[in-house]
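A, B, ... follow the sequence lines: proteins, then strands. Residue 1 opens every chain.
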Amino acid sequence: MRWSNPAARRARGISRFAIRSGERLASATPAMQRTLVKDALQASGPMDSILLQGWVRTRRDAKAFSFIELNDGSCLKGLQIIVDATLPDYAHVAQASTGASVAVQGRLVASQGGGQKWEVVAAQFTVLGEADATYPLQKKGHTLEFLREIAHLRPRSNLFGAVFRVRSRLAYAVHQFFQERGFCYVHTPIVTASDAEGAGDMFRVTTLDLANPPKTEQGEIDHSKDFFGKKTFLTVSGQLEAEIFATALSNVYTFGPTFRAENSHTSRHASEFWMIEPEVAFCDLAGDMDLAESFVKYLIRDAQQHCAADLEFFAKFVDKELAARLNFVLERPFQRCSYTEAVEILARSGKTWEHPVAWGDNLQSEHERYLTEEHFKCPVTVYNYPRAIKAFYMRVTDGCAPDRQTVGAMDLLVPGIGEIIGGSQREERLEHLRAGMALHHLEEKNYWWYLDLRRYGTVPHSGFGLGFERMLMFVTGVANIRDVIPFARTPGTAEF
RNA sequence: UGCCCGGUAGCUCAGUGGCAGAGCAGGUGACUGUUAAUCACUUGGUCGUAGGUUCGAUCCCUACCCGGGCAGCCA
């Protein structure tokens, strides 16, 4: 380690770990331990000496003292600081405007005012970094669109602080859910050479000089001269590689960034997003749906347990029905309905559809919304889709009619967002898989290793993909995917 | 990519074919155990960009740029 020596670390102002109450803070004030606002607010009694460091949310000056609301991101709430005008450091208070970083040492006492249990009476007050009048985050309301333009500052707002605390917690819960169940975490590649994963347009990865690329004798770009000796892309899914590991380690999952180059302009699509893809050997479609349901419920329950204050904030300011919806979802089994049944429900609905409903066509957004928001009023898993509209690797349903062939695909639809999970039982029978590839005009030589999995010890297996950001939207009630990812990448936008 | 909505002060918005407006933020002062504090005064503008119509355009028209929504694609 470069800075393994504690003294050297201290000299550079670097603290070794995430700082928690009771741990030594090596930087600003080595003599004292820093307390996080979260911990100070939960104090069981007054404290003679406490050190807090954070950012000023707002300051209110009285004649004899100033009130400063200090937030350090450890929780939604801030801590009220009282700086008395008789204090020598009171001269610094004028610099402690909204956004400034400050350190406060003082006494934690029961608050004289209403609105908070504890407050800190400062003995020492230091402004570490001023924030002048150009600081864009005001005390009053900002639109989400404006905050997106200042993505480097928006985590300091109540809403985004809460969103990213929940995001962190849910990422942890993802691992916890699978690790508790004996799943192995597999790191599938980000750069891939398979250009037909079938999940959408891909970003090219190249080191070729675009102004002057090497050409073949036929005058075409010579990809054999590229970095990897062939055309390469950013992954759109780790599924095919996850299948390799599922047929060795039985239960695996991936959790990583995923890239889609579609020119989508919607509130629920991003060019770069995080996806969780479990892959389970010896598991059929019903088992896959069971896993998806318990996974979604687990994540909701975990957020309720560990991010209660943040969820309350969302319920109050973002989505009034959030709490009721999350509880409703937890309390009952998700509905399940076959694609064929869904088509019948839609045909019988009496609704006039912008896109007509016909067996064999994809379900449109309006259809999915009707099923989950109006008909079932609940998350619903639609399964067994027509073979022709689904991916080549999905398993042909046993006993389906030859003129209405279906595959074991399933989509989990939730109110307000639509598809949050897409999965399937994979075709484990070599000849069926080859037929599926032929149907989709895929060349077997590009999938030789995928076919080998069916040649050597093939097993029934299933999996799905959960869009992490879509799950966050569902849990927080935040309506735009750009607001649940720290720095959104969408067509035309890659700031920060 | 298609359709729709928007772009006016740092932020949120109103407005009119004829002198550019409010609230908040900023500044000054007053007041106050305050809580998005309050009160008074006050600074602040290339009305997205480029053309066009017009005596005159922030306003009407066209194109473009940017933002947003919906649809498709999907997670």
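Taking 90° from 0 as the syn/anti boundary, the base of B:C64 is oriented anti.
To the nearest whole angstrom, the two C1' atoms, one in B:U54 and one in B:G17, are 9 Å apart. Across the C1' atoms, B:C19 and B:G69 are found 38 Å apart, a figure rounded to whole Å. Separation of the P atoms belonging to B:C11 and B:A71 is 30 Å when rounded to the nearest angstrom. To the nearest whole angstrom, the two P atoms, one in B:U1 and one in B:U16, are 35 Å apart. Across the P atoms, B:U38 and B:A20 are found 31 Å apart, a figure rounded to whole Å. Between the C1' atoms of B:G6 and B:C64, the separation comes to 16 Å (whole Å). Taking atom C1' in both B:U58 and B:C47, the straight-line distance is 4 Å, to the nearest Å. Comparing B:A40 with B:G48, their P atoms sit 32 Å apart, to the nearest whole Å.
Applying the salt bridge (charged side-chain N to carboxylate O under 4.0 Å, His left out) criterion to A:Arg169, with sequence neighbours excluded, gives A:Asp302. Evaluation of the side chain to side chain donor-acceptor pair (under 3.5 Å) rule for A:Glu312 yields no partner, not counting sequence neighbours. Partners of A:Arg156 under the salt bridge (charged side-chain N to carboxylate O under 4.0 Å, His left out) rule, at least two apart in sequence or in another chain, do not exist in this structure. Here A:Tyr339 pairs with A:Trp359, A:Tyr385 under the ring-ring contact (aromatic ring centres under 6.0 Å, His included) rule; sequence neighbours left out.
The 5' end of RNA chain B is approached more closely, in terms of each residue's nearest nucleotide, by A:Glu354 than by the other of A:Glu354 and A:Gly467.
Checking the phosphate oxygens (OP1, OP2) of B:C74, no side-chain nitrogen or oxygen of A:Thr258 falls inside 4.0 Å. Between A:Asn362 and B:G72 there is no side-chain polar atom (N or O) within less than 4.0 angstrom of OP1 or OP2. Between A:Thr266 and the phosphate of B:C74, there is no side-chain N or O to OP1/OP2 separation shorter than 4.0 Å.
Across all strands shown, A:Arg268 has heavy atoms under 4.0 Å from base atoms, whether or not it also approaches the sugar-phosphate. Among the heavy atoms of the strands lying under 4.0 Å from A:Thr58 are primed sugar atoms or P, OP1, OP2 only; no base atom is included. Across all strands, A:Thr490 comes closer than 4.0 Å to no nucleic acid atom at all (heavy-atom distances). Residue A:Arg482 is classed as a sugar-phosphate contact, given heavy-atom separations below 4.0 Å to backbone atoms only.
For residues 67-113 of chain A, the ring pair (Phe, Tyr, Trp, His ring centres under 6.0 Å) pairs, not counting sequence neighbours, are A:Phe65-A:Phe67. The list of ring pair (Phe, Tyr, Trp, His ring centres under 6.0 Å) pairs with a residue in residues 126-157 of chain A, not counting sequence neighbours, reads A:His142-A:Phe146, A:His152-A:Phe496. Applying the ring pair (Phe, Tyr, Trp, His ring centres under 6.0 Å) test to pairs two or more places apart or on separate chains, those with a residue in residues 259-281 of chain A are A:Phe255-A:Trp274.
Across the protein-nucleic acid pair, A:Ile68 atom CD1 and B:A36 atom P stand 16 Å apart, rounded to whole Å. The CD-P distance, from A:Glu277 to B:C74, rounds to 15 Å in whole Å. Residue A:Glu419 contributes atom CD, which lies 12 Å from atom P of B:G72 at whole-angstrom precision. Rounded to a whole Å, the CD1 atom of A:Ile389 is 14 Å from the C1' atom of B:G72. To the nearest angstrom, P of B:A36 lies 11 Å from CG of A:Asn158. The distance between atom CG of A:Leu234 and atom P of B:A75, rounded to the nearest whole Å, is 17 Å. To the nearest angstrom, C1' of B:G68 lies 15 Å from CG of A:Leu147. Look at CZ on A:Arg260: it is 13 Å from P on B:C73, rounded to the nearest Å.
Ring geometry for A:Phe178 against A:Phe183 counts as tilted: the plane angle lies between 30° and 60°, on a 0 to 90° scale.
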Quiz item: How does each nucleotide of nucleotides 26-35 of chain B score, in 5' to 3' order, for protein heavy atoms under 4.0 Å: base (B), sugar-phosphate only (S), or none (-)?
Solution: S-----BBBB
Self-check item: Per-nucleotide protein contact string for nucleotides 7-15 of chain B (B base, S sugar-phosphate only, - none; heavy atom under 4.0 Å)
Solution: ---BSS---
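No side-chain heavy atom of A:Pro189 sits under 4.5 Å from any side-chain heavy atom of A:Thr235. Two residues are said to be in side-chain contact when any heavy atoms from C-beta on lie closer than 4.5 Å; A:Val166 and A:Leu472 meet this criterion. Within the 4.5 Å cutoff, side-chain heavy atoms of A:Phe164 are placed close to those of A:Arg154. No side-chain heavy atom of A:Tyr298 sits less than 4.5 Å from a side-chain heavy atom of A:Glu293.
Side-chain contact, A:Glu241 with A:Thr188: no donor N or O sits under 3.5 Å from an acceptor N or O. Under the 3.5 Å distance criterion, with hydrogens and angles disregarded, no donor-acceptor pair is assigned to the side chains of A:Tyr253 and A:Glu277. Side-chain atoms of A:Ser267 and A:Asn480 include no donor-acceptor pair closer than 3.5 Å. With hydrogens and angles left out, the side-chain atoms of A:Gln425 and A:His461 include no donor and acceptor closer than 3.5 Å.
Seen from the ring of A:Phe468, A:Arg470 does not count as a face-on cation partner, given the 6.0 Å and 45° thresholds.
Sorted by residue number, the members of residues 269-276 of chain A with any non-hydrogen atom under 4.0 Å from RNA chain B read A:His269, A:Ala270, A:Phe273, A:Met275. Within residues 364-386 of chain A, the residues having any heavy atom closer than 4.0 Å to RNA chain B are, in order of number, A:Gln364, A:Ser365, A:Arg369.
Annotation: A:Glu321, atom CD; neighbour count of heavy atoms from other residues, nucleotides and ligands within 6.0 Å does not exceed 12.
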Quiz item: Would you write out the dot-bracket form of RNA chain B, 5' to 3', with Watson-Crick and G-U pairs under 3.5 Å, [ ] for crossing pairs, | for pairs to other strands and . for unpaired bases?
Solution: (((((((..((((....[..)))).(((((.......))))).....(((((..]....))))))))))))....
